[in-house]
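Scope of the values below: all heavy atoms of this structure, side chains included, with no hydrogens, waters or symmetry mates. Order of the sequence lines fixes the chain letters, A, B, ..., with proteins taken first and strands second; residue numbering starts at 1 for each chain. Note that this is a predicted model, so its numbers are computed, not measured.
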There are 2 protein chains.
Amino acid sequence: MSDRDMTIRDMCDTFGVTPRTLRFYEDKELLAPRREGQKRLYSRRDRARLSLILRGKRFGFSLEQVRQLLDLYDRGHGKEAQLRQTYELALERLADMERQRAELDEAIAELKRELAWGAGKLAEFARMRAAE
Amino acid sequence: MSDRDMTIRDMCDTFGVTPRTLRFYEDKELLAPRREGQKRLYSRRDRARLSLILRGKRFGFSLEQVRQLLDLYDRGHGKEAQLRQTYELALERLADMERQRAELDEAIAELKRELAWGAGKLAEFARMRAAE
DNA sequence: ACGCAGCGTTACGTTTACGTCAACGTCACC
DNA sequence: GGTGACGTTGACGTAAACGTAACGCTGCGT
């Protein structure tokens with residue numbers, strides 16, 4: 001039952017997305033579920049792709065980048081050149097993410113300093129109340 | 001000369017923003033420079049506010065949140081209650097930022113694992129070429 | 001047979017933080 | 001008295017990733 005086709009609702013429940021999102025991804029050519037009459041049917045392969053899409057988003061890839069990666073993956077099934085391209089792109093992304101983390105760390109440190117200052121001020125108020 | 005009013009261009013050069021940005025902030029009531037005829041003149045106080053705005057942005061506050069903080073700051077000049085509110089808000093932001101960093105770390109680790117896998121595959125290709 | 005839940009398409013709305021003209025004013029300078 | 005350089009307002013455009021109607025078809029339960 002785990003490898004049967006799923007309806008759009010099943011997919012939404014499984015992956016925590018809305019129908020609109022799935023149709024949107026389809027529109028962007030990230031997904032291409034089978035049709036049975038009007039209804040969309042998502043195969044195991046579609047589910048694998050959706051997993052990759054969502055993972056890509058967690059990594060901060062844009063949908064467009066994800067699409068390129070999926071295309072590469074599809075077309076270059078194990079072919080070295082394609083893998084290398086994917087690899088390079090991921091490396092760049094990693095660099096981006098580490099830059100982001102550095103900035104975030106910096107901002108966190110700065111904010112903590114401000115908070116320490118504020119805490120000091122508040123403690124001052126507390127002492128004033130106590131001394132009165 | 002450091003505490004004289006500045007023109008919009010001076011501001012842009014000093015803070016690395018565009019005129020459009022300054023007008024936009026004014027529109028959003030984040031800034032309210034004096035006018036001399038038509039021209040905007042930014043006082044030392046305006047510059048201080050802009051610093052705070054940009055710092056807030058680095059912290060991930062939205063402009064709307066920044067506006068609220070500036071209002072609090074203005075109206076509650078040193079009054080404990082206002083300071084406390086600002087403090088609380090900053091604490092929440094800090095929590096957000098640390099959550100973000102945790103997610104980012106997680107994503108980085110995951111991406112690194114994928115990269116390691118890719119590197120392995122690429123090494124395999126290299127070995128194949130060497131063995132031929 | 002009736003009604004409604006659920007899926008479908010199409011198309012416009014939303015959010016944030018500005019960018020990008022367009023059309024005009026004004027000031028110094030040559 | 002042009003010619004730029006810089007300033008102004010106003011309005012529309014942009015990006016991403018969907019949300020939100022609006023309206024129709026269809027199957028299912030009663």
Side-chain angles (χ1 to χ4, degrees), chain A residues 4-43 46 49-70 89 93 96-97 100 103 107, chain B residues 4-43 46 49-70 89 93 96-97 100 103 107:
Chain A
R4 272 201 64 68
D5 289 349
M6 291 171 65
T7 89
I8 199 169
R9 184 111 310 276
D10 295 336
M11 292 291 280
C12 293
D13 296 347
T14 305
F15 291 97
V17 298
T18 69
R20 179 69 180 92
T21 299
L22 292 178
R23 299 192 194 107
F24 180 75
Y25 288 169
E26 191 173 336
D27 208 54
K28 296 279 159 171
E29 299 178 76
L30 291 163
L31 290 176
R34 256 184 43 233
R35 292 304 184 99
E36 183 156 305
Q38 283 290 51
K39 284 154 188 197
R40 289 164 171 84
L41 284 182
Y42 296 85
S43 67
D46 292 320
R49 285 177 73 91
L50 182 53
S51 290
L52 288 174
I53 293 167
L54 297 177
R55 186 178 312 175
K57 290 200 56 184
R58 277 206 306 285
F59 291 161
F61 289 101
S62 73
L63 291 184
E64 175 55 21
Q65 288 176 313
V66 168
R67 196 183 58 70
Q68 291 175 26
L69 288 176
L70 285 175
L89 225 163
R93 257 286 78 206
D96 270 9
M97 288 168 71
Q100 262 188 58
E103 280 175 34
Chain B
R4 271 202 65 69
D5 289 351
M6 289 172 66
T7 92
I8 200 169
R9 183 111 307 274
D10 295 336
M11 292 292 280
C12 293
D13 295 347
T14 305
F15 290 96
V17 298
T18 70
R20 181 68 181 90
T21 300
L22 293 178
R23 296 191 196 107
F24 180 76
Y25 289 169
E26 190 173 336
D27 207 54
K28 296 279 161 171
E29 298 178 77
L30 290 163
L31 290 176
R34 254 183 48 229
R35 292 305 182 99
E36 182 157 305
Q38 283 289 55
K39 281 144 190 213
R40 291 166 171 83
L41 284 182
Y42 296 85
S43 67
D46 292 320
R49 284 178 75 93
L50 182 53
S51 289
L52 289 174
I53 294 168
L54 298 178
R55 184 178 312 176
K57 290 200 56 184
R58 277 205 306 284
F59 292 162
F61 290 100
S62 73
L63 290 183
E64 175 56 23
Q65 289 176 313
V66 168
R67 197 184 56 73
Q68 289 174 26
L69 289 176
L70 286 174
L89 226 164
R93 259 288 73 209
D96 271 10
M97 289 168 71
Q100 261 188 58
E103 281 176 34

Of all nucleotides in DNA chain D with an atom under 4.0 Å from a non-hydrogen atom of chain A, which is the first and which the last going 5' to 3'?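 The contacted stretch runs from dA17(D) to dT20(D).
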Any chance you could measure R20(A), atom CZ, to D27(A), atom CG, to the nearest 0.5 Å?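 R20(A) CZ to D27(A) CG: 7.5 Å, rounded to 0.5 Å.
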Could you tell me the separation between the OH atom of Y42(A) and the CG atom of L50(A), rounded to the nearest 0.5 Å? 8.5 Å
Can you name the residues that form a side-chain contact (heavy atoms from CB on, under 4.5 Å) with D10(A), not counting sequence neighbours?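 Here the qualifying residues are M6(A), T7(A).
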Just to verify, what does T18(B) make a side-chain hydrogen bond (donor to acceptor under 3.5 Å, both in side chains) with, not counting sequence neighbours? T21(B)
For S51(B), check side-chain hydrogen bond (donor to acceptor under 3.5 Å, both in side chains) against everything at least two apart and list the hits.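 Partners of S51(B) by the side-chain hydrogen bond (donor to acceptor under 3.5 Å, both in side chains) criterion come out as none, since no residue qualifies.
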Return a table of donor-acceptor pairs under 3.5 angstrom between the side chains of residues 28-38 of chain A and protein atoms on other chains or two or more places apart.
| unit_1 | atom_1 | unit_2 | atom_2 | d |
| --- | --- | --- | --- | --- |
| R34(A) | NH1 | D5(A) | OD2 | 2.3 |
| R35(A) | NH1 | Q38(A) | O | 3.1 |
| R35(A) | NH2 | E26(A) | OE2 | 3.2 |

C12(B) and P19(B): which non-hydrogen atoms are nearest, and at how many Å?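 Closest pair (atom of C12(B), atom of P19(B), distance): SG-N, 3.3 Å.
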Between R9(A) and D13(A), is the closest basic N to carboxylate O distance under 4.0 Å?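 Salt bridge: yes.
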Using residues 54-68 of chain B as the side-chain source, report each donor-acceptor pair under 3.5 Å to any protein atom, sequence neighbours left out, with the distance given to one decimal.
| unit_1 | atom_1 | unit_2 | atom_2 | d |
| --- | --- | --- | --- | --- |
| R55(B) | NH1 | E114(A) | OE2 | 2.8 |
| R58(B) | NH2 | E110(A) | OE2 | 3.1 |
| S62(B) | OG | E64(B) | N | 3.4 |
| S62(B) | OG | Q65(B) | N | 3.1 |
| E64(B) | OE1 | R67(B) | NE | 3.3 |
| E64(B) | OE2 | R67(B) | NH2 | 2.9 |
| E64(B) | OE2 | Q68(B) | NE2 | 3.1 |
| Q65(B) | OE1 | S62(B) | N | 2.9 |
| R67(B) | NH1 | D71(B) | OD2 | 3.2 |

Main chain of S43(A), side chain of D46(A): is a donor-acceptor contact present, judged purely on distance under 3.5 Å? yes
Using a cut-off of strictly less than 4.0 Å between a heavy atom of the residue and any atom of DNA chain C, enumerate the qualifying residues of residues 54-62 of chain B by number. K57(B), S62(B)
For DNA chain C, the residues among residues 19-32 of chain B that have a non-hydrogen atom under 4.0 Å from it: R20(B), T21(B), F24(B), Y25(B)
Opening and closing nucleotides of DNA chain C in contact with chain A, under 4.0 Å to non-hydrogen atoms: dC7(C) to dA11(C)
Please work out which residues in residues 33-41 of chain A have a non-hydrogen atom less than 4.0 Å from an atom of DNA chain D and list them by number.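 Those residues whose heavy atoms fall under 4.0 Å from DNA chain D, taken from residues 33-41 of chain A, amount to none.
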Go through the steps to decide whether L22(A) and R40(A) satisfy the test side chain to side chain contact (heavy atoms under 4.5 Å, CB included), and finish with yes or no. CA-CA 10 Å; L22(A) 292 178; R40(A) 289 164 171 84; over 6 Å; no
